[in-house]
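Structure, as structure tokens:
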Amino acid sequence: MRLLVDAGNTRFKWRLEQEGIVIDEGWSALGTNAPLASIEGYLGAVSRVGVSAVIHEDIRLRLSSYLEQKVSGPVHFYWAEAQRFGLRNSYMDPRTMGADRWHGMYGAWKRYKCGCAVIDAGSAITVDYVNNSGQHLGGYILPGLKMMLKSLKNDAARIAFEEGEVSKAEPGINTAECVNQGLSWLSRAMIERVSKDVSELNLSQTLVTGGDAGRLFALGMKGAHHPSLVLDGLGYIDSEAFG
Ligand SMILES: Nc1ncnc2c1ncn2[C@@H]1O[C@H](COP(=O)(O)OP(=O)(O)O)[C@@H](O)[C@H]1O
Ligand SMILES: CC(C)(COP(=O)(O)O)[C@@H](O)C(=O)NCCC(=O)O
Ligand SMILES: [K+]
């Protein structure tokens, strides 16, 4: 049995496989002492673990020792690379790129083998562009939707509001509307911008992943929803390493 883990800044997403077949997938909130409690019964039978992590080093070490205690086989952490199977990183120092971005792009590249935009709407939102020949053209890192609301709440003394998931984007006439509709307005601007880039750069596919992917689709995002794109890319890489 193989276990794959995508350890993000908000949640751990995991996938359990037996001979290439997905048995179960799920997630747990960051910070729990037993992040895989719901599948602990299986962990003794896990012969290999692959992890994509962007979490703080302390949390990563805790996750690593938890897995090593529970699982019988080795635990491998996979990081961003300079290149793989024709996909080439634009970073001078690829190890400084978030592992989740590389694994998401690799999942997209293996699946479609063509120019693509990869949008990961997680704790942060990342946008990455890969051209037809596999060259990463670069990307963007933006605060995520929750993160933006949190910073308004925490860093502005007189902005009190109830969060509401709205797709309306007209100008608000009270604080809550201004904030909630402002977020939709900004998201729509980003969506339009991505769509413009995709057409100017001649990219054939747009793939969207992350906890807020559904929200982006509700706001007009066009593309394919791949909820577990990071796990997909991680799985390909782990298979290429160990068969
Ligand atoms: N049940 C949920 N728990 C936490 N965040 C959620 C949930 N559903 C949607 N979200 C949204 O998804 C974001 C986290 O997405 P995720 O892809 O798990 O992030 P990360 O990879 O950074 O851990 C949150 O910021 C939040 O806006
Ligand atoms: C940008 C990110 C915070 C996104 O992580 P997430 O929001 O999915 O938890 C992560 O990819 C990261 O820590 N990147 C390192 C910097 C870089 O990619 O250049
Ligand atoms: K992520």
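Order of listing sets the numbers, starting from 1, for every ligand and every atom in it.
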List every atom of ligand 2 that sits less than 4.0 Å from any heavy atom of R101, numbering the atoms from 1 in the order shown and giving each element. 11 (O), 17 (C), 18 (O), 19 (O)
Crowding at NZ, K153 (>12 non-hydrogen neighbours, <6.0 Å): yes
Ligand 2 to Y91, heavy atom cutoff 4.0 Å, flagged ligand atoms 17 (C), 18 (O), 19 (O)
For H226 and T209, does a side-chain donor sit closer than 3.5 Å to a side-chain acceptor? no
How are the rings of Y140 and Y129 set relative to one another: parallel (under 30°), tilted (30 to 60°) or perpendicular (over 60°)? perpendicular
Would you check if the side chain of S195 reaches a backbone N or O of I191 as a donor-acceptor pair within less than 3.5 Å? no
Looking only at non-hydrogen atoms, the one of I141, V230, D100 nearest atom 5 (O) of ligand 2 is D100
Of A124, G144, G98, the one whose closest heavy atom lies nearest atom 2 (C) of ligand 2 is A124
Nitrogen or oxygen atoms of T10 and ligand 1 under 3.5 Å apart: yes
Residues Y91 and E81: side-chain donor-acceptor under 3.5 angstrom: no
Looking at residues at least two apart in the chain, or sitting in another chain, which of them share a side chain to side chain donor-acceptor pair (under 3.5 Å) with W14? none
Once you restrict to heavy atoms under 4.0 Å, what part of N9 touches ligand 2? Side chain, backbone, both or neither. both
Hey, which atoms in ligand 1 end up nearer than 4.0 Å to a heavy atom of G8? 20 (P), 21 (O), 23 (O)
When the aromatic ring centroids of H225 and F217 are compared, is their separation below 6.0 Å? yes
Hey, is the main chain of G223 close enough, under 3.5 Å, to the side chain of T206 for a donor-acceptor pair? no
With respect to V75, which candidate in L63, L67, V46 satisfies the side chain to side chain contact (heavy atoms under 4.5 Å, CB included) definition? L67
Looking only at distance, does S123 have an N or O less than 3.5 Å from an N or O of ligand 2? yes
Looking at ligand 1, would W27 count as a contact under a 4.0 Å heavy-atom criterion? yes
Regarding atom 23 (O) of ligand 1: of the candidates K146, M147, E163, R11, which has the closest heavy atom? R11
If we only consider heavy atoms of N9, is any one of them less than 4.0 Å away from an atom in ligand 1? yes
Return yes or no for this condition: an N or O of G211 is under 3.5 Å from an N or O of ligand 1. yes
Under 4.0 Å from one or more heavy atoms of T96, ligand 2 contributes atoms 15 (C), 16 (C), 17 (C), 18 (O), 19 (O)
With a 4.0 Å cut-off on heavy atoms, is R215 in contact with ligand 1? no
Aromatic contact between H103 and Y236, with the criterion being ring centroids under 6.0 Å apart: yes or no? no
Looking at G210, which atoms of ligand 1 are within less than 4.0 Å of one of its heavy atoms? 17 (O)
State whether the side chain of Y66 and the backbone N or O of L36 hold a donor-acceptor pair below 3.5 Å, judged by distance alone. yes
To which of G122, S123, A29 does the heavy atom nearest atom 22 (O) of ligand 1 belong? S123
So for T126 against ligand 2, with non-hydrogen atoms under 4.0 Å, the contacting part is side chain
